[in-house]
Amino acid sequence: MNNLLKIQGLSKTFSRGGDTVKALDNVSISLEKETFAAVSGPSGSGKSTLLNIVGTLDRPDSGSVSLEGEEIDYFNEGKLEDIRSNRLGFIFQDFNLIPVLSAVENVEMPLYSSNLSTSERREKAEQALDAVGLADRMEHRPNQLSGGQQQRVAVARALAGTPELVLGDEPTANLDTKSAFLLLDVMENLNQTLGTAFLFSTHDPRILERAKTVFTLEDGVLQS
Amino acid sequence: MKWLLFAWRNVLRNKRRTTIAAGTIAMGAIALLAAAGYVNATFTGLRETTIKGGVGHFQIGAIGQFDGYQETPMELALPAHDAEAVTKKASEIDDVRFSMKRVLFEGLISNGDRTVIFLGRGVEPGKEKKLSRNFAPIIAGRSLPKIKKDKAVDLNKVILGKDLARNLGVKPGDFVTLLTTTVHGSLNAIDLTVSGLYTTGIPEQDERFLMVPLPIAQSLLGTDKVSRVVVVLDKTEVTNTILSNLQKDFPKLEMKDWLSLAPFYQKVVTLYQSIFTVMGAIVVLVVLLSTTNTMLMSIMERAREIGTIRAFGISRIRLKLNFLIEGGIIGLIGASTGAVMAYGSAQVVNQVGILMPPPPGMNVEIPLLFMIDGSYFAGVISLLIIVGSISAWYPSRHAVRQKIVDALDHI
């Protein structure tokens, strides 16, 4: 079985200022292991909502999400924490690094809830930073790094726990072209060498060109 | 350790805000320690005043002596041999300064024209003065003569409370007659010279009380018994130890420590403790509200970070605990700083010797003292660490309950 993620009939509605907005409408997607996929669509099409639900950061109104055949129980906070900690990685548009921690400490942070020893944790974080080409920036604080470097730290952080799936919400949106390409090279390389699956929400054509699979959403509806 | 380091870094993140929060806690620590130190000094002063005011560290009597009611005079008094034995034994104990005997009696006093009731005390004047320099403060005439074994002294003297003397219309040098019932039930009287007049500062006592040398009281009552033996120690702290050791040697005698004999002391302590508790609670509440406000700002501006950390699978409890650690660290910094400042200030004030106005019933200024012992420092620092943690509790509870997606959208 090569199926990593199976989304079936996913719907999500938001109420804003008395209006009801259907962010996702009966979306069904399947994603294979080791894939490099993207969800595209205009602003407000439901890309981020889809990623948030897959990432267990939000709950669907209806439908189901299965990770490696196991359906996610969105009402079991302990299991959700476990999934986020061990099976998923996140890359945010604004990097979201912790400013009081160095690059290597930021990468270590998701491993705090693991059973790794201090030295094992540090070794994993250093390897992840090395993999994204930041071996010489380990002790730098986020404010001492460029935007591109910060996002690569975020990629290292997402990968440190060796997750099955890394979710990226517009990861190149705040990067210049050079940094964006560098980041894409790094992620593509990691996808191929580590076999980690990537799923991005984006309308950046640079990502869409390189994605093996692209899902398009419009007004919460998956376009065939 | 990793979480502690993370909490420490967050504490240092906004140094100005941390300084303000820690400063508030430091002020709270100073206020609490100053109040505790002042109250402690007051308790200690009152304790020593009570002991030296005549109560002694503990008193020894026959069983029932301290209950107050006796059918006949000296019914519950100590036989002379018991009084001697216990006095001798007490004198062999290292921390005992001395012990002295007293006879308590009552009767009528007359100057020939007028007769009034009195409450009398037979004392050993030399030892009473050793206990307190303020023993029977004389306002007219002279005090009682010291009893000397090797020298004949005219002991037929009496000192009267000033209002008792006024009621009788007598002055030093006049003669009065004391009339009382002996231990055998017969009436006995003795003529004495008024040696002096004294005041206790309490009108009710000045109106009824008189004192005579111990042998005169015993002679009047027709006995060699004593009502009580008063034991005076070098230090108050050993009172209970010495009392219980002596009690083992004399199980048939009743012994009461100064605290049991001075119920007003406990009332004053209770009153002061109530005042201190209320004041302390107000200080703690002010510190708590102030630091909660600071922690609220500190935590809420990190909403996105909280969302990010939770997205990694770090649990709500873990995150909340870390905020409590942050609050505790600020509490520790503030309380320690306040403790050092309170200690330094107390040393300066104690050395300078500032005098306070005399309290009611006294005419002597009392020094302003702060006695802050180690347990107070430990207690206040621990309390304020907890206050610091509690101040982080509500903001952190609110922050970690927020939905992760909402927290991540926070600007």
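A note on names: the letters A, B, ... follow the listed sequences, proteins ahead of strands, and every chain is numbered from 1.
Contact of B:R310 with chain A is made through backbone and side chain together, with heavy-atom distances under 4.5 Å. Neither the backbone nor the side chain of B:L12 comes within contact range of chain A; no heavy atom of the residue lies under 4.5 Å from a heavy atom of that chain. In this structure, chain B has a heavy atom under 4.5 Å from the side chain of A:E105, while its backbone stays farther away.
The OG atom of B:S391 sits 10.0 Å away from atom CG of B:L289, with the distance rounded to the nearest 0.5 Å.
Listed by sequence position, A:E81, A:R84, A:S85, A:F90, A:F92, A:D94 are the residues of residues 79-95 of chain A in contact with chain B, using a 4.5 angstrom heavy-atom cutoff.
No other option in A:P99, A:S113, A:G55 has as many heavy-atom pairs under 4.5 Å with chain B as A:P99. Between chain B and the options A:V100, A:L97, A:N52, A:T49, heavy-atom pairs under 4.5 Å are most frequent for A:V100.
Annotation: cation-pi pair B:R47/B:Y265 absent, no NZ/CZ under 6.0 Å from the ring centroid and within 45° of its normal.
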Exercise. Going through the checks in order, is the side-chain hydrogen bond (donor to acceptor under 3.5 Å, both in side chains) test met by B:S375 and B:D373?
Worked result: CA-CA 6 Å; B:S375 65; B:D373 65 31; 2.7 Å; yes
Exercise. Which is it for A:R122 and A:E108 under the salt bridge (charged side-chain N to carboxylate O under 4.0 Å, His left out) test, yes or no, and what are the steps along the way?
Worked result: CA-CA 7 Å; A:R122 179 52 65 109; A:E108 271 188 273; 2.9 Å; yes
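Atom CG of A:N191 is surrounded by more than 12 heavy atoms from other residues, nucleotides or ligands within 6.0 Å. Heavy-atom neighbours of B:Y394 OH from other residues, nucleotides or ligands within 6.0 Å: at or below the threshold of 12.
For A:T118, the side-chain contact (heavy atoms from CB on, under 4.5 Å) partners at least two apart in sequence or on another chain are A:R121.
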